[in-house]
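Inspection log for the structure reproduced underneath, given as structure tokens.
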Amino acid sequence: MRICSHYLKVKHILVIAGSDSSGGAGIQADIKAITSLGGHALTALTAVTAQNSLGVTGIHGIPAGFITKQVKAVIEDVVPKAVKIGMLYSEAAVKEVVKLLKSHGLVNIVLDPVLRATTGKDLLEPKAINLFREELLPLVSVVTPNLLEAGTLAGMKVDCSNDMAKAAQAIQAMGPHVVITGGHLKSKCTDLLYDGKAFHRFHGSRIETQHTHGSGCVFSTALATFLAGDNGVVTATKKAHNFTRSAIMNGYACGRGPGPVKPG
Ligand code: PLP
């Protein structure tokens with residue numbers, strides 16, 4: 001059988017995440033980011049959200065067993081070079097993903113610990129947070145919380161650069177490398193990587209825009225894609241930081257509220 005050389009070069013990234021009907025965040029953002037970086041997105045949907053730029057009006061969780069069915073269907077056929085996990089929504093879905101990670105030698109696993117939409121709705125059942133900390137975090141390579149998510153995971157308030165460092169250490173003690181994204185910091189927008197040995201800071205001046213919907217999804221997905229490209233975690237984080245800043249600069253209006261970023 002002739003194997004197409006293009007197939008061998010394309011990086012396959014498995015995305016386990018939710019759908020955003022407004023097309024700005026979630027799996028829609030992930031597919032755009034991966035495609036623009038020359039990769040191929042394999043997808044397993046965890047939830048379907050009804051939302052627009054003003055808010056989330058409904059969430060339909062996919063039955064946990066069917067999340068596994070999607071993942072198994074794709075990984076039995078193609079070996080992904082990285083995995084991005086986004087919105088999981090239910091405790092049952094978290095349990096199912098933990099089982100999958102334990103039983104299939106997946107590598108370069110990036111977890112965006114999606115807890116709540118900027119517009120206010122919970123995107124993870126609050127009762128699933130302990131499971132997240134105790135069972136899921138130890139199995140992933142890198143976790144990418146924003147300030148609010150880092151605070152919840154570490155059990156402390158995080159709103160300045162010192163808090164970020166303390167929270168990063170507390171979360172890293174649960175297992176993974178940690179990148180706390182600093183887009184919500186009041187002054188500079190510094191992303192902080194802690195790999196268990198050293199802190200690495202990626203600075204950027206504030207980009208004045210309200211069109212940042214999907215920025216966390218794009219950052220974590222770009223990070224997974226750069227890891228799939230054989231970059232170490234420091235280089236992959238720097239590249240994902242630059243890629244996301246460019247996506248934010250190119251953000252645009254889509255509806256009456258904050259619009260999406262534009263990856264690629
Ligand atoms: N909807 C889905 C499906 C998401 O995965 C996410 C974030 O990951 C959001 C909404 C939240 O987007 P925002 O950054 O605007 O809060």
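Whatever order the structure lists ligands and atoms in, that order sets their numbers, starting from 1. Note that the numbering runs from 1 along the sequence shown for the chain.
Every pair passing salt bridge (charged side-chain N to carboxylate O under 4.0 Å, His left out) that includes a residue from residues 104-116 is listed here, sequence neighbours excluded: Arg116-Asp122.
Taking CD1 of Ile62 as the start and CG of Leu45 as the end, the distance is 5.5 Å to the nearest 0.5 Å. Distance NZ/Lys11 to CG/Asn108: 12.0 Å, rounded to 0.5 Å.
Residue-ligand proximity, Cys217 to ligand 1, at heavy-atom distances under 4.0 Å covers atoms 7 (C), 8 (O). Listed by atom number, the atoms of ligand 1 under 4.0 Å from Gly214 heavy atoms are 14 (O). Each of the atoms 3 (C), 5 (O) of ligand 1 lies under 4.0 Å from some heavy atom of Met87. Taking a cut-off of under 4.0 Å to the non-hydrogen atoms of Ser19, the atoms of ligand 1 that pass are 3 (C). Within the listing of ligand 1, atoms 7 (C), 8 (O) sit less than 4.0 angstrom from a heavy atom of Val114. For ligand 1, the atoms closer than 4.0 angstrom to any heavy atom of Gly26 are 3 (C), 4 (C), 5 (O). Using a 4.0 Å cut-off to heavy atoms of Gly18, the atoms of ligand 1 that qualify are 3 (C).
When Val261, Leu148, Thr118 are checked for heavy-atom proximity to atom 14 (O) of ligand 1, Thr118 turns out nearest.
The minimum heavy-atom distance linking Cys217 with Ala25 is given by the pair SG-CB, 3.9 Å. For the residue pair Ala64 and Glu96, the shortest heavy atom distance occurs at O-CG, 3.3 Å. The shortest non-hydrogen separation linking Val158 to Ala150 is CG2-C, 4.2 Å. Gln28 approaches Asp20 most closely through the heavy-atom pair OE1-N, 2.9 Å.
In this structure, a donor-acceptor pair under 3.5 Å is absent between the side chains of Asn242 and Arg245.
In this structure, Gly216 does not count as a contact residue of ligand 1, since none of its heavy atoms falls inside 4.0 Å of the ligand. Ligand 1 lies out of reach of Ala17, whose nearest heavy atom is not under 4.0 Å from it. Under the 4.0 angstrom criterion for non-hydrogen atoms, Ala117 is in contact with ligand 1. Heavy-atom separations between Gly24 and ligand 1 are all 4.0 Å or longer.
Polar contact with ligand 1: absent for Ser215 (N/O pair, distance under 3.5 Å). Backbone and side-chain nitrogen or oxygen atoms of Gln51 are examined, and one is located within less than 3.5 angstrom of a nitrogen or oxygen of ligand 1. Inclusion of His213 in the set of residues having an N or O under 3.5 Å from an N or O of ligand 1 is warranted.
For atom 9 (C) of ligand 1, the nearest protein heavy atom (residue, atom name, distance) is Leu123 CD1, 3.6 Å.
Using cut-offs of 30° and 60° on the angle between ring planes, the pair Phe202 and His241 is tilted.
Put simply, Val233 and Val179 are part of the same group of oily side chains (I, L, V, M, F, W, Y) that touch within less than 4.5 Å, one to the next.
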